[in-house]
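Residue numbers start from 1 in every chain, and the chains themselves are labelled A, B, ... in the order their sequence lines are given, proteins ahead of strands. Keep in mind the model is a prediction, meaning the values are calculated, not measured.
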Amino acid sequence: MLISCKKATEFIEKKDIFGLTKKEQFQLDLHVFLCAKCRKYQRLSEELDHTLRHFFMNKSDEELTLSEEKKEKIKDALKK
Amino acid sequence: MDTVDNVSEWVNDYSDELFAWALKRTQNVHLSEDLVQDTFVAAYQSVERYKGESSPKTWLHSILKHKMMDHFRKEKVKEKYENQSAFFQKNESWDKHNNPTLWSTMDVTLLDNPGFNEAFASCLEKLPQKWKTAVVGKYLTDKKADDICKELSITTSNYWQIVHRAKLNLRNCIELNWFQD
Ligand SMILES: [Zn+2]
């Protein structure tokens, strides 16, 4: 019934993306209750989520276009 | 007007948005340029099959999507990334050198620090391209997990495993490059 730390941290991710089955949720809750390291990882993982979201949000405004030079290169490639 | 002219016209009209689409997902300028070029070359080679049922834009987009899927299907992720022994011991408990510690990034000042942002960007850069795209898909776009999996040619369980490993690697990299200086 007890799962490993590796499995527990995988469940943390799975939960966020697809959700867990009742059994998996119980296994995760029990593990995190007993394991201080994974409890810490769970919070660290949230911090990482927060950082990643913030990081990409700042980047998403950048408007980038293909250079004219590259466009000409593509047109040249068509002629081959 | 011949085919080269036709497709060249499409390059003028659509290459920017195709490039932006690829760049948004891959966060990789060079790869995005290559994918866009491959798309137009493929479009040129199979232009007889384009019957004008959809707009050229839609047609080009579907080619680009396939090119990207092909790319990720072929991408081999290096052993050192697949292997998680750096984080866990044989019995799958935490490696003692890798015990989780908190960053307190909820404190926004850390994220506003240009040095931290730079370290974070370079750590992201080091991830395998497929992982980076999975991470971008999750945090930048509001796409459904199933759609991200399709674009990356991966299964759903593959997807959360990739995000899991990407986060472990990122955490490790940031701690080495930022917190320990
Ligand atoms: Zn644990």
Side-chain angles (χ1 to χ4, degrees), chain A residues 2-21 24 31-32 34-80, chain B residues 3-4 7-8 11-12 15-20 23-24 27 29 32-33 36-37 39-41 43-44 84 87-89 91-94 99-106 108 110-111 116-117 120-121 124 135-136 138-141 145 156-157 159-165 167-168 170-171 174:
Chain A
L2 275 181
I3 52 172
S4 66
C5 290
K6 186 176 158 206
K7 195 89 201 157
T9 58
E10 285 176 356
F11 277 179
I12 290 170
E13 226 51 61
K14 189 185 180 197
K15 181 184 178 175
D16 186 40
I17 297 174
F18 294 106
L20 296 174
T21 64
E24 287 168 341
H31 183 101
V32 168
L34 296 170
C35 176
K37 289 175 186 173
C38 283
R39 217 156 40 232
K40 224 175 208 179
Y41 179 80
Q42 201 167 31
R43 284 192 48 208
L44 177 68
S45 173
E46 281 166 20
E47 286 194 340
L48 257 170
D49 288 342
H50 175 81
T51 311
L52 281 160
R53 215 161 271 130
H54 190 95
F55 180 80
F56 286 124
M57 215 161 56
N58 290 346
K59 279 195 89 173
S60 63
D61 310 330
E62 291 173 12
E63 186 72 50
L64 281 156
T65 53
L66 204 57
S67 67
E68 287 308 314
E69 191 193 340
K70 188 66 203 174
K71 282 176 194 165
E72 289 312 312
K73 251 191 180 162
I74 295 175
K75 290 178 197 167
D76 287 342
L78 298 177
K79 289 170 192 148
K80 277 172 200 152
Chain B
T3 324
V4 174
V7 180
S8 295
V11 174
N12 293 334
S15 62
D16 279 337
E17 56 182 291
L18 292 171
F19 176 69
L23 187 61
K24 185 175 178 190
Q27 300 286 312
V29 173
S32 301
E33 287 177 349
V36 170
Q37 172 156 341
T39 298
F40 283 108
V41 171
Y44 174 67
Q84 293 171 74
F87 308 111
F88 298 102
Q89 302 173 40
N91 68 3
E92 300 197 345
S93 63
W94 287 98
N99 284 336
T101 43
L102 294 176
W103 294 357
S104 301
T105 48
M106 301 297 188
V108 181
L110 186 55
L111 290 160
F116 178 81
N117 258 287
F120 198 78
L124 262 175
V135 167
V136 173
K138 182 166 189 279
Y139 296 99
L140 176 61
T141 65
T156 47
S157 61
Y159 175 50
W160 56 261
Q161 278 162 357
I162 285 175
V163 174
H164 177 241
R165 286 172 200 180
K167 278 164 79 174
L168 286 172
L170 266 178
R171 176 207 147 212
I174 303 282

Please look at [X] and chain A and tell me whether the side chain, the backbone, both or neither of the residue comes under 4.5 angstrom of a heavy atom of that chain.
| X | result |
| --- | --- |
| B/Leu170 | side chain |
| B/Val29 | neither |
| B/Ala121 | both |
| B/Gln27 | side chain |
| B/Phe19 | side chain |
| B/Ser32 | neither |

For chain B, which candidate among [options] shows the most heavy-atom pairs at distances under 4.5 Å?
| options | answer |
| --- | --- |
| A/Ile12, A/Ile74, A/Leu52 | A/Leu52 |
| A/Ser45, A/Ser67, A/Ala77 | A/Ser45 |
| A/Glu68, A/Lys73, A/Lys70 | A/Lys70 |

Partner residues of A/Lys37 under the salt bridge (Lys or Arg N to Asp or Glu O under 4.0 Å) criterion, sequence neighbours left out = none
Any side-chain heavy atom of [X] within less than 4.5 Å of one from [Y]?
| X | Y | value |
| --- | --- | --- |
| B/Asn12 | A/Lys75 | yes |
| A/Thr9 | B/Phe87 | no |
| B/Ser157 | A/Phe18 | no |
| A/Lys71 | B/Asp16 | yes |
| A/Phe55 | B/Val135 | no |
| B/Leu168 | B/Phe88 | yes |

key: Pair A/Lys40-B/Asn99, side-chain donor/acceptor within less than 3.5 Å   = no
inquiry  = Please classify the contact of A/Asp49 with chain B as side chain, backbone, both or neither, using a heavy-atom distance under 4.5 Å.
reply    = both
remark   = Ranking B/Phe40, B/Phe120, B/Tyr139 by heavy-atom pairs under 4.5 Å to chain A gives rank one to B/Tyr139
